[in-house]
Amino acid sequence: MDFIDYYKLLELDKSASHADIKKAYRKLARKYHPDLNPNNKEAQLRFQQINEANEVLSDPEKRKKYDQYGKDWQHADAYEEAQKQQQASGGRTYTGGGFGGGQGSYSYSGNFDEDTFSDFFEEMFGSRARAHGSGRGHHFKGQDFNAELQLKLSDVYTSHKQTLSVNRKSIRLTIPAGVENGQTIKIKGHGGPGVQGGPKGDLYITFNIINNTKFKREKEHLFSQVDLDLYTALLGGEITVDTFNGKVKLKVKPETQTGTKVKLKGKGFPKYKKENQFGDLIITYNVKMPDNLSTREKELFKELQKLRS
């Protein structure tokens with residue numbers, strides 16, 4: 001996996017504050033957002049890399065590992081765990097022949113430069129350790145990756161396939177209808193490589209759902225407000241209202257008040273991973289008063305007022 005300089009990607013130096021990172025991310029994410037760069041694969045890749053950089057640098061723990069271990073930061077947990085186990089077994093330093101034997105020894109004080117640490121890491125966990133018969137050594141799962149996927153509410157009304165680029169690898173996945181804002185799903189085996197024969201890490205995708213509609217969503221239920229003219233509200237009638245996937249006709253009862261709610265069963269949002277099951281659409285009526293009344297209209301309303309008094 002190619003090393004990506006996250007600081008350079010966000011146009012920052014290593015002394016950048018959390019606020020600096022947040023500001024830089026927002027600026028560049030806006031610049032390279034796919035909606036503003038349609039059919040531009042280079043911009044799409046840059047947008048995904050910017051999200052990846054922000055995911056690491058905006059997390060204090062991940063940033064600390066990235067600053068300390070450089071391109072091998074994803075194996076930091078494995079290294080630190082192995083170090084603890086080695087110290088517990090007698091405090092010996094790590095050796096090139098596996099954990100405890102062979103020629104050449106290394107100790108780690110926390111300030112290797114990137115190339116030196118990479119050589120050390122390979123010696124401790126990689127091909128040279130395997131060549132010395134270290135099958136008895138520990139196996140460590142690879143680093144889990146986290147990514148954010150931004151979608152429109154209209155995108156998740158139906159299940160669809162989408163291709164993501166994570167660390168320059170394309171992953172094609174099916175996004176189920178009804179996925180919610182903030183929901184996280186796990187894609188097994190699409191994280192960082194394992195250490196010393198260990199399994200790959202996993203990819204966790206968190207959805208950021210942007211509501212691009214006039215409907216309010218609460219899980220599988222949708223809510224909307226519909227204006228009624230005064231005369232239809234008083235006398236009743238028939239109106240046409242929008243649902244998420246079309247229009248329907250509704251009968252309005254006479255003397256309908258502002259705030260009256262009507263439930264359209266099954267006209268809401270798909271239920272997550274429940275095929276052909278939908279929530280409800282709740283409509284709230286808002287009675288609109290007429291304006292710019294003519295002289296004659298005012299006279300008629302005054303007559304009505306006298307009849308009601």
Side-chain angles (χ1 to χ4, degrees), residues 1-77 79-80 110-111 113-114 117 142-156 162-171 173 175 179-187 190-192 201-213 216-219:
M1 182 175 63
D2 295 333
F3 174 64
I4 300 174
D5 187 333
Y6 292 146
Y7 290 103
K8 185 177 180 180
L9 196 63
L10 294 181
E11 301 174 4
L12 297 168
D13 57 43
K14 288 189 175 183
S15 64
S17 67
H18 183 77
D20 293 334
I21 293 169
K22 188 175 182 180
K23 182 178 179 181
Y25 166 71
R26 287 181 173 177
K27 174 186 174 183
L28 293 171
R30 193 180 304 115
K31 179 179 179 181
Y32 292 101
H33 196 282
D35 287 349
L36 300 179
N37 300 274
N39 303 318
N40 187 332
K41 292 184 178 180
E42 185 176 342
Q44 183 182 6
L45 174 61
R46 190 68 178 270
F47 179 74
Q48 291 164 343
Q49 290 175 337
I50 289 165
N51 274 291
E52 180 184 326
N54 179 65
E55 177 70 27
V56 174
L57 298 186
S58 63
D59 184 312
E61 285 299 317
K62 291 180 181 178
R63 182 181 182 183
K64 180 181 178 182
K65 292 174 184 176
Y66 181 81
D67 289 346
Q68 185 173 356
Y69 295 99
K71 69 179 181 180
D72 294 302
W73 74 274
Q74 295 163 344
H75 298 304
D77 291 339
Y79 166 72
E80 290 169 0
N111 289 302
D113 63 61
E114 184 178 301
F117 178 79
Q143 175 77 19
D144 289 337
F145 291 161
N146 293 276
E148 182 179 282
L149 178 58
Q150 186 176 100
L151 296 170
K152 297 174 183 177
L153 186 61
S154 55
D155 293 335
V156 294
Q162 186 149 340
T163 301
L164 305 180
S165 178
V166 179
N167 289 319
R168 299 186 182 181
K169 292 182 181 179
S170 294
I171 302 172
L173 70 156
I175 300 173
V179 70
E180 293 188 42
N181 183 45
Q183 184 174 342
T184 299
I185 63 173
K186 180 173 78 171
I187 310 297
H190 283 280
D202 301 319
L203 170 63
Y204 291 87
I205 299 176
T206 299
F207 292 95
N208 179 16
I209 309 298
I210 305 300
N211 191 344
N212 62 326
T213 75
K216 177 184 176 184
R217 180 191 180 192
E218 292 183 8
K219 294 189 175 181

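Position 1 is the first residue of the sequence; numbering continues from there. Bear in mind the structure is a predicted one, so any value in this text is a computation, not a measurement.
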Under a 3.5 Å distance rule, please check whether [X] uses its side chain to pair with a backbone N or O of [Y] as donor and acceptor.
{"X": "Asp5", "Y": "Lys8", "answer": "yes"}
{"X": "Asn208", "Y": "Gln150", "answer": "no"}
{"X": "Asn51", "Y": "Gln48", "answer": "no"}
{"X": "Tyr66", "Y": "Tyr6", "answer": "yes"}
{"X": "Asp144", "Y": "Asp202", "answer": "yes"}

[atom2] on [Y] to [atom1] on [X], rounded to 0.5 Å:
{"X": "Leu164", "Y": "Leu203", "atom1": "CG", "atom2": "CG", "result": "7.5 Å"}
{"X": "His18", "Y": "Asp59", "atom1": "NE2", "atom2": "CG", "result": "9.5 Å"}
{"X": "Leu12", "Y": "Lys23", "atom1": "CG", "atom2": "NZ", "result": "10.5 Å"}
{"X": "Glu148", "Y": "Asn54", "atom1": "CD", "atom2": "CG", "result": "8.0 Å"}
{"X": "Leu10", "Y": "Leu28", "atom1": "CG", "atom2": "CG", "result": "6.0 Å"}
{"X": "Leu151", "Y": "Gln162", "atom1": "CG", "atom2": "CD", "result": "5.5 Å"}

If you look at every heavy atom in [X] and [Y], which pair is closest and at what distance?
{"X": "Ile21", "Y": "Ser58", "value": "CG2-N, 4.4 Å"}
{"X": "His190", "Y": "Phe145", "value": "O-CD1, 3.8 Å"}
{"X": "Ala29", "Y": "Ile50", "value": "N-CG2, 4.3 Å"}

In the structure I gave you, are the side-chain heavy atoms of [X] and [Y] within less than 4.5 Å of one another anywhere?
{"X": "Ile175", "Y": "Leu149", "answer": "yes"}
{"X": "Lys62", "Y": "Asn146", "answer": "yes"}
{"X": "Asp13", "Y": "Tyr7", "answer": "no"}
{"X": "Ile205", "Y": "Leu173", "answer": "yes"}
{"X": "Ile185", "Y": "Phe207", "answer": "yes"}
{"X": "Glu180", "Y": "Arg217", "answer": "yes"}

List the residues meeting salt bridge (Lys or Arg N to Asp or Glu O under 4.0 Å) with Arg63, not counting sequence neighbours, and say none if there are none. Asp67
Could you tell me which residues satisfy ring-ring contact (aromatic ring centres under 6.0 Å, His included) with His33, sequence neighbours excluded, listed by chain and number? Phe47
Is it the case that over 12 heavy atoms from other parts of the model lie below 6.0 angstrom from the CG atom of Asn39? no
